[in-house]
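To start, the structure under review is shown below, and the notes come after it.
Below, read A as the first sequence line, B as the second, and so on, with proteins coming before strands; counting in each chain starts at 1.
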Amino acid sequence: MKERYEFTEVEKKWQKVWEEQGVFKTEEDPSKEKFYCLEMFPYPSGKLHMGHVRNYSIGDVVARFKKMDGYNVLHPMGFDSFGLPAENAAIEHGIHPSKWTWENIHDMEEQLRELGLSYDWDRECCTCSEEYYRWMQWIFIQFYKRGLAYKKENPVNWCPSCQTVLANEQVVDGACERCHTPVVKKNLSQWYLKITDYADRLLENIDNGALDGWPEKVRLMQKNWIGRSYGCEVDFKVKDSDEVLTVFTTRVDTIYGTTFMVLAPEYPTVLENVKGTEYEQPVLDYIDRVNHMNEIERTSTTAEKTGVFIGKYAINPFTHKEMPIFISDYVLMGYGTGAVMGVPAHDQRDFEFATKFGLEITPVVDPGDPEVDVNDLKQACAASGTMINSGEITGMNSNDAIPYMIEKAEREGLGHRKVNYKLRDWLISRQRYWGTPIPMIYCETCGWVPEKEENLPVLLPTDVKFTGKGESPIATSPTFRKCTCPKCGGPAEREVDTMDTFLDSSWYFLRYCDPRNAEKPFEKEKVDYWMQVDQYIGGVEHAILHLMYSRFFTMVLHDMGMVGVEEPFANLLTQGMVNKDGRKMSKSIGNVVTPREIIDKYGADTARLFILFAAPPEKELDWSDAGVEGSFRFLTRVYRLIYELKSRGLKDGEVVVKTAEDRALNYKLNFAIKKVREDVGGRFMFNTAISSIMELVNEIYKYKDQKEINEPLLRKAARELIVILSPFVPHIAEEMWEHVGGEGLCCLQSWPAFDEKSLVLDEIEIVVQINGKVRDKLVVPKDISKQELEQAALGSEKIREFTEGKEIFKVITVPGKLVNLVVK
RNA sequence: GCCGGAGUGGCGGAAUUGGCAGACGCACGGGACUUAAAAUCCCGCGAUCCUUACCGAUCGUACCGGUUCGACCCCGGUCUCCGGCACCA
């Protein structure tokens, strides 16, 4: 140990030792309790940013602490390495996506190693490797065999700039989440996964406690995304026709207020209904207009309602009244039945439509609100209330009318109860090269047939052109497409689209449990030993997509008998962003601080310490150069302390706490040990854990310069200080540990036990309040009786001054804390 | 529009079950050491007032009100900021 803290040297030295001794290699060990600590794996962009540092520092503290606390810890890392940027690099710079990606992976691994993260690198998984995507294809085929994958022509979200299809989840504000180009609808034949089959289970587990270790916020977001609503489907006959229009409504109670019907422009029978009539041309014009709108225009809630009458009338099954049928783009084909009943008095959208087209507005619910005149509505009234103008249900409360009407509809064969979801099936086809090829083959005779499992992987061809336009690049391969049908042996063609990369990341946490298995995706026993992930850590931006897809995959694999658990992540921590000057770090603002410059200037330990100390993990963190300086200062302060103590040579021996100063030091030591355990192991408050260690350091500084020093106690305090500091700043801890003659590696020490007795002081401070205001503080023996405490409080001189000539009404005594006198 | 979350010194933040508001750190100010500076160490640091000083007093956790012996914490209302969803019938 040098006198000066040479962080670069120290960090290199210990990274090498850990590597050589293989201290983070992990094996299944049924005799030990396991702990699976997982951080979301990165996309290999090539450069680590502060968000990564935060994410992985948090995970590393938890993993290292759990290991020291006796758990068998699985802490793996890998790369989510398929995806668009690699392909863009190919288009822009002519580098093959594979080369670009693998070089980036190599660079990022190196940067991660420099942070001193306790990963078992033997378990590394890269989703773009053949050994990984082979099993991705295998899993896809199992989904297909179970009827959970299907191909269908549908209007899909199309990004005109990326020239590819997007999942609903990848459309943000009507635009492509990646390039922000407004998305348009396009009819394409695409592969889907039937996540809607699991909508109920995905939802049930949010409520039944299976996800109680998740932030409430994330559970709510998923719940809203699945969007279950209970309602009723009602059949409306079309006048002078055999056609029946089924609508979905959550408010059957308002059915007497229906004055018109609206169909989505894409509704399948619209064209045949207007064929050869005077309405045909206006309807065609309208549909054409809608088709040329992008998603932003189409879904704008502020735009005025538009639509056209199609010349037909529907008959309300309850009132037998005739009502005109319109098409309008405010009705979506993708939700419910694509047809709605228009109840303008009680639905704002219907109200706007009726106002625009001069349609009748019939109120059927009176909310009993003096400010609402139901016969002269300025806007729709969605509140519940008393039914009016509604035949036999008039006078009923609208909340009671809903179940009543559903039962009536079912009894009379007019409709039935129905549950609807906002959740759509997951569109997974991508017209892209750098992804897992969808292992399906089209045969004129047999239709779609999966590739034989023994032929997997279906390799990505290398003889393709990257233009960034049009069809999937794989289609340009002269060798890939043509093949023979695995079923009949006849000529056939391969699917040329690749999978959405979200599939790759939906099961990587399972592959980590058995990463080199060449026979199957993973051994069930191994997965069942390690799963669930005990702590998952990542950005909140994955609250819906990745986290729901992973839940879906795990459920399906569970149903296939491949995985014991059905929920993958027991506990979830979503870390906040790293900002600078209150704004997101970004190149265009020019406020980016790179991990590189911080590691060079202060070392990885300082970077880790600052990022953990500056804010609780869930909150946004504002980068502060002065704060980093402070963290560095703290580390050098600890380093100097240990250097000095070592140079003095403290006697070993039995620790006997004698003086008041001994007790104070011993208290702080035990308090810190306990506090760090609680804050790292349970509360995830790394900032307060670190502050308690800082207090301990301050206390040791105070203690060491006294005349009379209890050497065994000071020695113990110094050694345990190093140990509890090590999960946060592992390199400097190893260096100091070696210096104080610690046996073995610091990171392999057991977490020190704290002594509960030393946390109970013989004398405690009691607050004495008068009418809730602190007026005095008393130091009393810890086991003082209530009566004695009250006596002491009343006897205090200060208190007597305040109570002089006043009457004491009441005395509230909280043992160990305070006495409050109520005085008048 | 709907659903969440947050609001505490100059700043990041602490107060874990309703019981001393401001731990720890940053910034700042003062002092020691030094020829000097840096580094380091020590002291101070919410506001206002009183006092020569010590001692002390009043106010203070976005705002208004309530419950309670006692409220940053619980309840009702208001404002502001942030996040998610959004023509979902």
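- Between the side chains of A:S229 and A:Y335, at least one donor-acceptor pair of N or O atoms lies under 3.5 Å.
- For the pair A:R775 and B:rA57, the criterion of a side-chain N or O lying under 4.0 Å from OP1 or OP2 is met.
- When the nearest nucleotides of RNA chain B are assigned to A:M685 and A:V814 by heavy-atom distance, the more 5′-ward of the two goes with A:M685.
- Using Watson-Crick or G-U wobble geometry with both donor-acceptor distances under 3.5 Å, B:rC11 finds its partner in B:rG25.
- No hydrogens or angles were tested; on distance alone, nothing pairs the side chain of A:K422 with the base of B:rC85 as donor and acceptor under 3.5 Å.
- Applying the 4.0 Å criterion to OP1 and OP2 of B:rG4, one finds that A:K217 has every side-chain N and O outside that range.
- Ring-centre distance between A:F326 and A:F353: below the 6.0 Å cut-off.
- For B:rC33 and B:rC43, the C1' atoms lie 15 Å apart once the distance is rounded to whole Å.
- When Watson-Crick and G-U wobble pairs are counted only if both distances are under 3.5 Å, B:rG46 pairs with B:rC59.
- Put simply, the side chain of A:E216 and the base of B:rG5 share no donor and acceptor less than 3.5 Å apart.
- Of the side-chain N and O atoms in A:Y335, one or more sit less than 4.0 angstrom from OP1 or OP2 of B:rA89.
- One finds a side-chain N or O of A:N687 lying less than 4.0 angstrom from the OP1 or OP2 phosphate oxygen of B:rA14.
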